[in-house]
Structure formats: C-alpha cells, structure tokens
Novice: 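Provided herewith is a single structure, encoded as structure tokens, for subsequent inquiry.
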Amino acid sequence: MTTNEQSGIRPIWDFFCSLKLTMFTLITLAIISIIGTIIPQGSPPPEYLQSISQTKLKLYNVLGFFDMYHSWWFILLLSLLSINLIACSIKRLPGIWKTITQPVMVMGDSLEKTLSNLTIIETRGDSSTIRDRVAAVMKTEFADPVITEEGGAFHLFAQKAPWSRLAVYAVHLSVLVIFIGAIIGSLFGYKGFVNIVEGESVGKVMSRSNKEIDLGFAVRCEKFSVAHYPNGAPKEFKSILTVLENGKPVAGFDRVPVIVNDPLSYKGITFYQSSYGKLGEHEFIISDPDGKNPQPLRIQSGGSAKLPDGSGICLQETTQDVSPFQPGVTGPAAQVEVHMANGGNKTFVIYGNNAAMNRMNLSYTGGKLVQYSGGEEFMYTGLQVAKDPGVWTVWLGCTLMMVGIYIAFFMSHRRVWVRVQNGTVTVGGNSSKNQGGFHLFMEQLVTKLKKQLPLEDNQ
Amino acid sequence: MTSSLLFNITTLLYLASMLAFFAAIVNRTKLFFGAAGSYIAFGGLLLQTIAIGLRWKESYTLGIGHAPLSNLYESVVFFSWTIVLIYGILDLKYRYRVIGAFVMPFALLGMAWAQLGMKSGIEPLVPALQSNWLLYHVITCFLGYAAFAVACGISIMYLIREKHDKVAQANEQSIVATFPPSRVLDDLNYKSIMIGFPLLTLGIVTGAAWANYAWGTYWSWDPKETWSLIVWFIYAAFLHARITRGWAGRRAAWLSIIGFAATIFCYLGVNLLLSGLHSYGG
C-alpha cells in the first residue's frame, strides 16, 4: 500500500471506527424515533389527516414520516450503526485477542510503571523457596501462576477471566444477530389476518399487504365465545380451532382452545386470538300500518339499510327468542337505530310476533309498519396469523446480548504479576474493570503474602 | 389490616425518611439523622412489601387473583418500591446514606401521587394482561427505571456538589459539604446505570417475548416500545462515552438526568399523551 492510498482510505476507516459516529447514530436514532411516536405510523387515521394542513401532509409523505421505520434514511442509520459496530470490532479485536491469548508473563520496567497496584516486599532467603511460597499463596488466593525464569529473576503470572474482555464484542455481535433475525423474518415470514365463521374452515389468509397466502392446510372454527366479569368487562375471548389436513382433523390439533395470550402453532404458523364479530342475515317486512303491501327487507348483522321514506335503519342486536329478556313477549326481536329523514335518531325494538307494539314506532319509520321475521346469525373469530422463521435468531441475539452485558459489566479480567529477585518480591496487578474492588483484593493478597514470607524487618 | 392502610403508613414513613435525610444534611454533627433516614426507609420498604403481598392476596379473595402490577396505581406503587429497593442496595454496599435525601423524594412522590390522586380499586385483568409475562416484564422494567431514578437523584446531587466545590473557600462550613465527594457521586451515578441498563434490556426482551407470544410480533414500533428503545439508546450512548472516552462529571450527570427524563416520559408520558398498546395509564 502506498502512502497516498493510505491517506485516502485512512480517514474513511477512522470515520467508521469512531466513537463520534457511534454517539451520533445512537443520539440521532433516539431523537428521530420520537417523530414516529408522535406522527401515527402505517395508515394514519383519517381524523388525523384532516387535522393537519395539506403542505404538512405532503411534506410528511415525501419524508416518509408515515412509515419512517421502513424509510431509506432510518434503514441507512441502522446500517451505519451496524458498519460502525463491525468496524470498531475489527479495529480492536486483534489487540484484545493478543492480550487474551499471549499474555505478558514477565513484569518488565515499562509494565511495572503502568501498574497502579504495586507493592515491594523486602524479604530474605532462597529465591526458589520464596518463589514456591508466593506461588502457593497465589494459587489459593487467586489462580495458579505461570513461572518464568528470566534475567536472574523468577516471574510469576496469574490471571482470571481473560475472556471477559470479549463480552463487549458479544454484545455488539448480538445487535447484528438481532438485525439478521429481523431481516430473515421480513424476507421469509409474513403477518396476516383471517376471519373464520363458526363451523367453517379456511385454507387461505390475507397478508397485511393484501396478498392472499395459501396455508397448505385448513383451520376450522368450531366455536367462538366471550366471557365477561360481573362488572361487564371482558374476561376471555375463546375460539375452539381444529387444524385440517386434506379435510381431516390432525391428531393433537383437534378442538384446541385458543385464547388471548395462548395461541395455536402449527407448521411454523401461529394463530392468535385477536377479534370477533357476528355474521348473518335478517329479514324484515315493511308494510302499510294494517299489514297490506308487504315488502321484504334484508339487513346483514350489524349492517344498515334504507326505509322507503329515505330514513336509515341500523341493526344493532337481535335475538330469536325475546322472552327471557321481556316476559310476556315471545318470538324474535331486533334492536335498531333509525336515522330519520328529518335528522333525528331513535333506538327501539322491533318484534316478530307483536304487531301492536311495532305500530307504536310508526312515526319513526315513515308511517310504515316494520316487523322482524328473524334471521340466522353466526359468530366469527378474527385471528392474527404470523409466520416468522427469524424469531429464533432474534432470541439467540437477545440471549447473547444479556449474557454479554452481564459479563461486560460485572466481570473483569484480573492479572497479577510477581517478580522475585535478590530477596525483593515485587507484586503488581491490574484489572479491566472495578478498580476499587481490585485495589482491595490486592491489599489482601499482599497481606497474605507477607504472612507467608520471611520478612526482612522481622529479623 | 388492609393493604391500603399499610400503603398509607408506607407513604408517611417515606416522608419521615426524607425529612430525616434533610435533617442529616442540615445538622451534620448529629449522625443519627442519617441512620434514622436509612432505617425508616428500610422499615417503609418492608411494610410496602407486606402491603403489596396483601394486595395480591386481597385480589384472590375477590376472586380475580392477579399480581398487583396491572394498572397505573399499582405500577406507581411498585415503582416506589423498586426505587427504595435499589437505594437500599446501594446504601448497604457503599454506605453513602445521605444520597437518600435525593432519592427518597422520588419514592415519596410516587406513593403520595398514588395514594392521594388515583383510584386504587382492584380491577379484574383484561384478557391481554392475563399472562405470567406481565410479571417478568413489569418487574424487570421497573427495577431498571428505579436504578435510573437513583442515578438521576445522584446526578442532581453531583451537579450541586460540583458547583459548590468550584466556588467554596477552604474550610467553609456549608450544607453541601456533607454530600459525598463529587468523584464518589460520579462513580455511583455510573454504578446505578450499570445496574439499570441490563435490567432495562431484560425488560425490553421480556416485553418482546410476551408480544411475540401474544400477538405474533416481537416488535411493532408501538410508541411505548419505541420510547423504551429511545431510553436504551440514551444509556447506551452514556456507557459508550463513559467507557471508551472517559466521559465523567458534569456531562455524565446531565446525560443521566436526560436519560431519566426520557424514562419518565416512556413510563407516564406515553400512557397519558400518546396512544398505543400499553393502555393501563388512561
């Protein structure tokens, strides 16, 4: 590599390795993520779009603020963070690797000067005896030392948890692993939705991007039910589902109850209880007050229709037998809300077997008699459908991150060097973290050593 | 004995603890004030633990048994509990009692707000919250939040101490001189964040696991999720600046305070101002 090339590439490399870039991307990501929590994402509700000006609407659209987590600049920032992580690791890893695999086992002058925990013990006696005693203390108090003889001196070296220095790279790697998991999920998985009427089965679901997806098997909804607490709050939404292969129930997947927080998984595809509703058709008869000129009128469950005078009629609830709710009346009944042509609203009940009571509502129905002849209604269950083959990669990344953070914060690489030379024992050490705690440890170690050594001043 | 009565006594104990710490700062010749502050805080913590257990039991008596972590009242009470717990751990480990004067107000504020301004009824759990993940997620998140609250209190203390040190004359007798030395405060700020960051990370991971289990998406950029990530970014930036660049002192203290402001917004602001899945704040 020539000097020219070096000077060209070097600044770029340094830029990608720099902590400034890390700080910039982290803080920028934090700040711009705020936008996404204030501006509704995905397809913003119409009320929101009406409340902002046209200029703003256009600007937000162009900048991708309505789907900013998928916008090019957000992805660019995440990529920048990833490159930064990789570059930093490449830059520092070889040095760290060398520290771990080829420890400096001899305390020379230059190393000695860098150690803040340094003690010199004056002793007497035979060097090799001292060496053995020091080694024994180190072994019981810290770790088995490696002994080197060099320049007429014995050097003892021991260390603990050198690999804890790698933890920070495990954390960095875990971020990339999580990103990879997310990418796998978005490439090979999907999120979808399906409604299944009680008693029916489906083999296809709709993805969020409105594509039809063939499941390769079918799911039947046997039953859907809602349970309530005494105060009326919902207690449980439950679907009973059966997985069908070639029209036949699969063993172990027959009539499985699925509730919120307890989904059904089959062949990597998971079904989550998400919503419910009613589906059906109801028949009404519209006639003159005396029952002449009857005309049928069909309304879907929860649907609406127009009455002859132009009023809108919305179906709210129906029952095929009203007697439990209203003693003395029998037959089907429907609760409706009428939006009258004059602008007024009125809610009332239309009966199947009680023309007299229905006649009381003539003024709301444009002078026509409306009767309910009944209908059939089915519950349907709304299920979220998800397939995410990347999710285990994400959990692997999360586990790696937790383990890595724990080791990176709470464990340290500790090294102790001892030099035995001419009756002088020099003890030094350092720690990659928690200097205060290591300082205390070194003081204790020196105390123990002094007890085991024949000291000069004891003579 | 009801949990509600115990929570009221807890609130009074936290008030007494805070006042004792204030007294310890003002009257530094009497050492027992600081000790009283700590012991009263521990007493309050014990009482609150019993009260939380009792409320848990009461919900079972009502036939809707669940951990008392399901609505804003219960979460604020639990937040206070975690703050005193984290303070207690630091106190036992590092013995700088007087930081209680800057930490207990957070716990007291939470308890007072919950006891005076919130509906404390035990409500049944809506289907979405009926999961053991609720327990793991809420406990880890709030322990993280609490560590950040303690770090914030310590940082405020640091800023006061550091400003005082700059202008103080030698041998001057002042209130601030009873604070731990600024380098100790700086170190405790870092240590609290070191406790909080892994807990927040675990809180986000358990939340993601729960979301994946309940809805099939471990991450959906819900405002609460996004804000938790914002908080995570801020403290990640703090740790990087600290470890690789040796950012300490004023800058670290300010970053810690900003981080806690974001944490509080993540906890309360999102519930009260933005819409999303974490709807218990309404």
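Because the structure is predicted, anything quoted here is derived from the model rather than measured. Proteins come first, then strands; the chains are lettered A, B, ... in the order of their sequence lines, and each starts at number 1.
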Novice: Specify which of A:G36, A:A227, A:S33 makes the most heavy-atom pairs with chain B at under 4.5 Å.
Specialist: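 The residue among A:G36, A:A227, A:S33 with the greatest pair count is A:S33.
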
Novice: If I measure from the heavy atoms of chain B, does A:F271 come under 4.5 Å with its side chain, its backbone, both, or neither?
Specialist: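 Contact with chain B involves no heavy atom of A:F271 at all.
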
Novice: Please classify the contact of A:A386 with chain B as side chain, backbone, both or neither, using a heavy-atom distance under 4.5 Å.
Specialist: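 It is the side chain, since no backbone atom gets that close.
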
Novice: Specify which of A:I31, A:V394, A:T25 makes the most heavy-atom pairs with chain B at under 4.5 Å.
Specialist: A:V394

Novice: Can you tell which part of A:V385 gets under 4.5 Å to a heavy atom of chain B, answering side chain, backbone, both or neither?
Specialist: neither

Novice: Is it the case that over 12 heavy atoms from other parts of the model lie below 6.0 angstrom from the CH2 atom of B:W254?
Specialist: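 Not buried by this count: 12 neighbours or fewer within 6.0 Å.
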
Novice: Where on B:L202 is there a heavy atom nearer than 4.5 Å to chain A: the side chain, the backbone, both, or neither?
Specialist: both

Novice: So what's closer than 4.5 Å to chain A heavy atoms on B:A208: side chain, backbone, both or neither?
Specialist: both

Novice: With chain A as the partner, which of B:G63, B:A209, B:A241 has the greatest number of non-hydrogen pairs under 4.5 Å?
Specialist: B:A209

Novice: Flag yes if more than 12 heavy atoms outside A:Y406 fall under 6.0 Å of its OH atom; otherwise flag no.
Specialist: no

Novice: B:I64 and A:K235: side-chain contact (heavy atoms from CB on, under 4.5 Å), yes or no, with the steps?
Specialist: CA-CA 10 Å; B:I64 47 177; A:K235 183 181 185 179; over 6 Å; no

Novice: Rounded to the nearest 0.5 Å, how far apart are CG of B:L239 and CD1 of A:I405?
Specialist: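 So the gap between those two atoms works out to 8.5 Å.
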
Novice: Once rounded to the nearest 0.5 Å, what's the spacing between atom CG of A:L26 and atom CZ of B:F238?
Specialist: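 The distance works out to 13.5 Å.
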
Novice: Would you indicate whether A:K433, at its atom NZ, is surrounded by more than 12 heavy atoms from other residues, nucleotides or ligands within a distance under 6.0 Å?
Specialist: yes

Novice: Tell me, side chain or backbone of A:I34 under 4.5 Å from chain B's heavy atoms, or both, or neither?
Specialist: both

Novice: Determine yes or no for a side-chain-to-main-chain donor-acceptor pair under 3.5 angstrom, with A:Y229 supplying the side chain and B:L125 the backbone.
Specialist: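 Indeed, once roles are kept as given, a pair shorter than 3.5 Å links the two residues.
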
Novice: Identify which part of B:W232 has an atom lying under 4.5 Å from any heavy atom of chain A, answering side chain, backbone, both or neither.
Specialist: side chain

Novice: Which pair of non-hydrogen atoms, one from A:N261 and one from B:A128, has the smallest distance, and what is that distance?
Specialist: ND2-O, 2.7 Å

Novice: At a heavy-atom separation under 4.5 Å, does A:L29 approach chain B through its side chain, its backbone, both, or neither?
Specialist: both

Novice: Within a radius of less than 6.0 Å around CZ of A:F441, do more than 12 heavy atoms belonging to other residues, nucleotides or ligands occur?
Specialist: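 Count over threshold, so yes.
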
Novice: Got a second to check how far B:T226's OG1 is from A:I38's CD1, nearest 0.5 Å?
Specialist: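 Reported value, rounded in 0.5 Å steps: 11.0 Å.
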
Novice: If you count heavy-atom pairs under 4.5 Å with chain A, which of B:T217, B:I243, B:V231 comes out on top?
Specialist: B:T217

Novice: Would you mind writing out the side-chain donor-acceptor pairs for residues 76-89 of chain A within the sub-3.5 Å range, not counting sequence neighbours?
Specialist:
residue, atom, partner, partner atom, Å
A:S79, OG, A:I75, O, 2.6
A:S82, OG, A:L78, O, 2.9
A:N84, OD1, A:T22, N, 3.2
A:N84, OD1, A:T22, OG1, 2.5
A:N84, ND2, A:F16, O, 2.7
A:N84, ND2, A:S18, O, 3.4
A:S89, OG, A:L85, O, 2.7

Novice: Picking from B:A237, B:P127, B:A214, which has the most non-hydrogen pairs under 4.5 angstrom with chain A?
Specialist: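 Most heavy-atom pairs under 4.5 Å with chain A: B:P127.
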
Novice: Count the heavy-atom pairs under 4.5 Å between each of A:G436, A:S274, A:P234, A:S265 and chain B, then report the option with the highest count.
Specialist: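 Ranked by heavy-atom pairs under 4.5 Å with chain B, first place is A:P234.
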
Novice: So, B:W221 versus A:F74, ring centres under 6.0 angstrom or not?
Specialist: yes

Novice: Go through the atoms of A:F409 and report whether side chain, backbone, both or neither lie under 4.5 Å from a heavy atom of chain B.
Specialist: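 Looking at A:F409, backbone and side chain both touch chain B.
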
Novice: Using a heavy-atom cutoff of under 4.5 Å, enumerate the residues of residues 170-189 of chain A that contact chain B, numbered in order, or state 'none'.
Specialist: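 At a heavy-atom separation under 4.5 Å, chain B is reached by A:H172, A:G181, A:A182.
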
Novice: Nearest 0.5 Å, please: how far is CD in B:Q130 from CG in A:D262?
Specialist: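 These two atoms lie 11.0 Å from each other.
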
Novice: Can you confirm whether more than 12 heavy atoms, excluding those of A:F193, are under 6.0 Å from its CZ atom?
Specialist: yes

Novice: Might you point out which heavy atoms bring A:F410 and B:M194 nearest each other, and give the distance in Å?
Specialist: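 Heavy-atom minimum between the residues: CZ-O, 3.5 Å.
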
Novice: So which pairs with a foot in residues 83-92 of chain A pass salt bridge (charged side-chain N to carboxylate O under 4.0 Å, His left out), sequence neighbours left out?
Specialist: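 Every candidate salt bridge (charged side-chain N to carboxylate O under 4.0 Å, His left out) pair involving residues 83-92 of chain A fails, so no pair, neighbours aside, qualifies.
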
Novice: Tell me, which pairs form a salt bridge (charged side-chain N to carboxylate O under 4.0 Å, His left out) where one or both residues lie in residues 381-409 of chain A, sequence neighbours left out?
Specialist: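 Counting only pairs at least two positions apart or across chains, no salt bridge (charged side-chain N to carboxylate O under 4.0 Å, His left out) contact touches residues 381-409 of chain A.
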
Novice: Which heavy atom in B:N212 sits nearest to a heavy atom in A:Y272, and how many Å separate them?
Specialist: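 Closest approach of B:N212 to A:Y272: O-OH, 3.1 Å.
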
Novice: Within the structure provided, determine whether B:Y218 and A:C398 are in side-chain contact (heavy-atom separation under 4.5 Å).
Specialist: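 B:Y218 does not reach A:C398 side chain to side chain.
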
Novice: For B:K191, I'd like to know if atom NZ has over 12 heavy atoms of other residues, nucleotides or ligands within 6.0 Å.
Specialist: yes

